[in-house]
Amino acid sequence: ALYTESVRPQIHFSPTVNFMNDPNGLVYSNGTWHLFYQYNPTQNVAGNQHWGHAVSTDLYHWKNLPIAIAPEKEGEGIFSGNAVIDFENTTGFFNGSTPKDQRIVAMYTLNTDTSQTQHLAYSSDGIHFTKYPGAVISRNQTQFRDPKAFWDEKSSRWIVALALSQEFGIVFYSSPNMKDWTEVSRFQSYGILGYQYECPDLFQVPVEGGPDDGKMMYVLAISINPGALIGGSFVQYWVGDWDGSKFTPRDNAVRTMDFSKDFYAFSSWNNSPGKKAYAIAWANNWQYSQQVPTSPFRSIQSLPRELTLKYYRPTPQFGDLILNNRPVNLSAIHGKTLYKSENGNSARNQTVNLSGQGAFDITATFKLPANANITYNTIASFEIFAGDGKQSVKTGIQMGEPAVAYIDRRGAGQSFAAQNPFFTDKTSGIIRYAANYTTASSENADQYVLGPLPPSAYLDSTDQAQYIKLQAVVDRSVIEVFVNDGELAGTSVFYFDNDQIPSKVTVSVGDNKLQLVDLEVRALNSIWS
Ligand code: FRU
């Protein structure tokens, strides 16, 4: 049977066998979400890159399809890229009998020993692709890749973003037909440069809450590898304006999309229905992805994420608008409830047995009473234990100025971690001050929740207490943590020794200033059964 290995994640997409990396070609077409991905069909390490393919109707349950795009020659690779719907047949690839929303055009990088060039392939049935001969963009470059194309409403033409990887540049081109492209602008040397830029993505995201509620704004995401501050691969992004030719960031703040180490090659779906933004990322890191102890496959994609923008108290370091990043509605895979607190539960410690459910969702709400005098000892955490009770992975929030959320995997998988100095044990991210629109009237500081040494908790207007929500979605060998519904997100893989899976979870509150007011633990049903 497939997908039954003990450490194999059950609610995340992974290929049946061999090595996967970046998500590619994300496009919604005729009721179907397409996920293509960088895939080596012959080995459990990177190389021999193809586009693997899977489809879903809810972004959780995936059906594997045959390889969509394969190289013609040995030594060549079909590298990352994206896909669009050519509704108006601007390419001329389709005939009138293909429904408009089934006209899929993929754009990818062909990698050879001597160049990286950009190419097209198209499909009328969402399964079989035909290559358009020759390159549509070439620059006599070996580090020029990862096209992200979209139909630009502002200028009524196609736009593609590409990475000039080792020049730390994103170059934008425009085209009427996806075949003839003209360079229109560059976004160069912003943020943390690392060694190279990869996988750019320019997309629209709705603002959530406040005066701009529902307004769509542009976000440019860039993947960096190697060179993340905590090592290896990471994703940074800018919020800004796109005028049809040029992207202008609203500030120079450097924002990371995920505070931990295993969230890379982020990509958003083209043609999502409604004014919504959905995305996914490769849940691993180039520092160790080719050594992780899983077989016969390596790597998973992250949970699908829904993105919004929210206002936070502005700082020069972080700017004001932050991308909120939370799992797409988990109700599609919710299983039985393993624990649910009675209202107002104030227990400080709680243990929940997982009854063999290696995939689960734990959500707790902590209350910080008004004027609580908190210190860095004010910690609330989840500890997820392996079957032997000796290994665990932890996540929590630590109050203070600033408050942080962390993931700690140093108690998990000694044998793997010992061989991999880059398998960072503890990562953390800063919790921001959220905009408090209940009291906001104009652009002033009162607009933001500034409690007593506060996290960016939700302020309750009746009791002035702040509420901090911590959610962890755990799936056998991966944990994804979300604070306050995605204000802060962290993704970490972990590998318990001897292929063990999670068996129980404890919740503890470190001192009596924080209260646990709500706790729910739910099993998540395998998407493969
Ligand atoms: C990012 C990346 C891309 C490239 C692909 C090759 O992880 O290096 O830049 O297109 O992987 O598999």
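Just so you know, ligand 1 is whichever comes first in the structure, and atom 1 is the first atom listed for that ligand. Note that this is a predicted model, so its numbers are computed, not measured. Throughout, numbering of the chain's residues begins at 1 and tracks the sequence.
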Find all protein N or O atoms under 3.5 angstrom from an N or O atom of ligand 1 and list the pairs with distances, or write 'none'.
residue, atom, partner, partner atom, Å
ligand 1, 7 (O), D22, OD1, 2.7
ligand 1, 7 (O), D22, OD2, 3.3
ligand 1, 7 (O), W286, NE1, 2.8
ligand 1, 8 (O), E198, OE1, 3.4
ligand 1, 8 (O), E198, OE2, 2.9
ligand 1, 9 (O), R145, NE, 2.8
ligand 1, 9 (O), D146, OD1, 3.4
ligand 1, 9 (O), D146, OD2, 2.6
ligand 1, 9 (O), E198, OE2, 3.1
ligand 1, 10 (O), S80, N, 3.1
ligand 1, 10 (O), D146, OD1, 2.6
ligand 1, 11 (O), N21, ND2, 3.3
ligand 1, 11 (O), D22, OD2, 3.2
ligand 1, 12 (O), N21, ND2, 3.0
ligand 1, 12 (O), Q38, OE1, 2.7
ligand 1, 12 (O), Q49, NE2, 3.0

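The aromatic ring centres of F416 and F423 sit less than 6.0 Å apart.
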Using a 3.5 Å cut-off and no angle test, enumerate the donor-acceptor pairs between side-chain atoms of residues 287-294 and protein atoms at least two apart in sequence or in another chain.
residue, atom, partner, partner atom, Å
Q287, OE1, K261, NZ, 2.5
Y288, OH, D262, OD1, 2.6
Y288, OH, D262, OD2, 3.4
Y288, OH, R409, NH2, 3.0
S289, OG, N285, O, 3.4
Q290, OE1, A46, N, 2.9
T294, OG1, F297, O, 2.7

Determine all donor-acceptor pairs shorter than 3.5 Å in which one atom belongs to a side chain in residues 197-205; sequence neighbours excluded.
residue, atom, partner, partner atom, Å
Y197, OH, Y190, N, 3.0
Y197, OH, Y190, O, 2.6
E198, OE1, Y264, OH, 2.6
E198, OE2, R145, NH2, 2.8
D201, OD1, K148, NZ, 2.9
D201, OD1, S268, OG, 3.4
D201, OD2, S268, N, 2.6
D201, OD2, S268, OG, 2.9
Q204, NE2, Y218, OH, 3.4

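With L323 as the fixed residue, the side chain to side chain contact (heavy atoms under 4.5 Å, CB included) test singles out one of M257, K310, E487: M257.
Put simply, the side chain of D258 does not reach to within 4.5 Å of the side chain of F266, judged on heavy atoms.
For H34, the ring-ring contact (aromatic ring centres under 6.0 Å, His included) test picks out F36, H53, with sequence neighbours left out.
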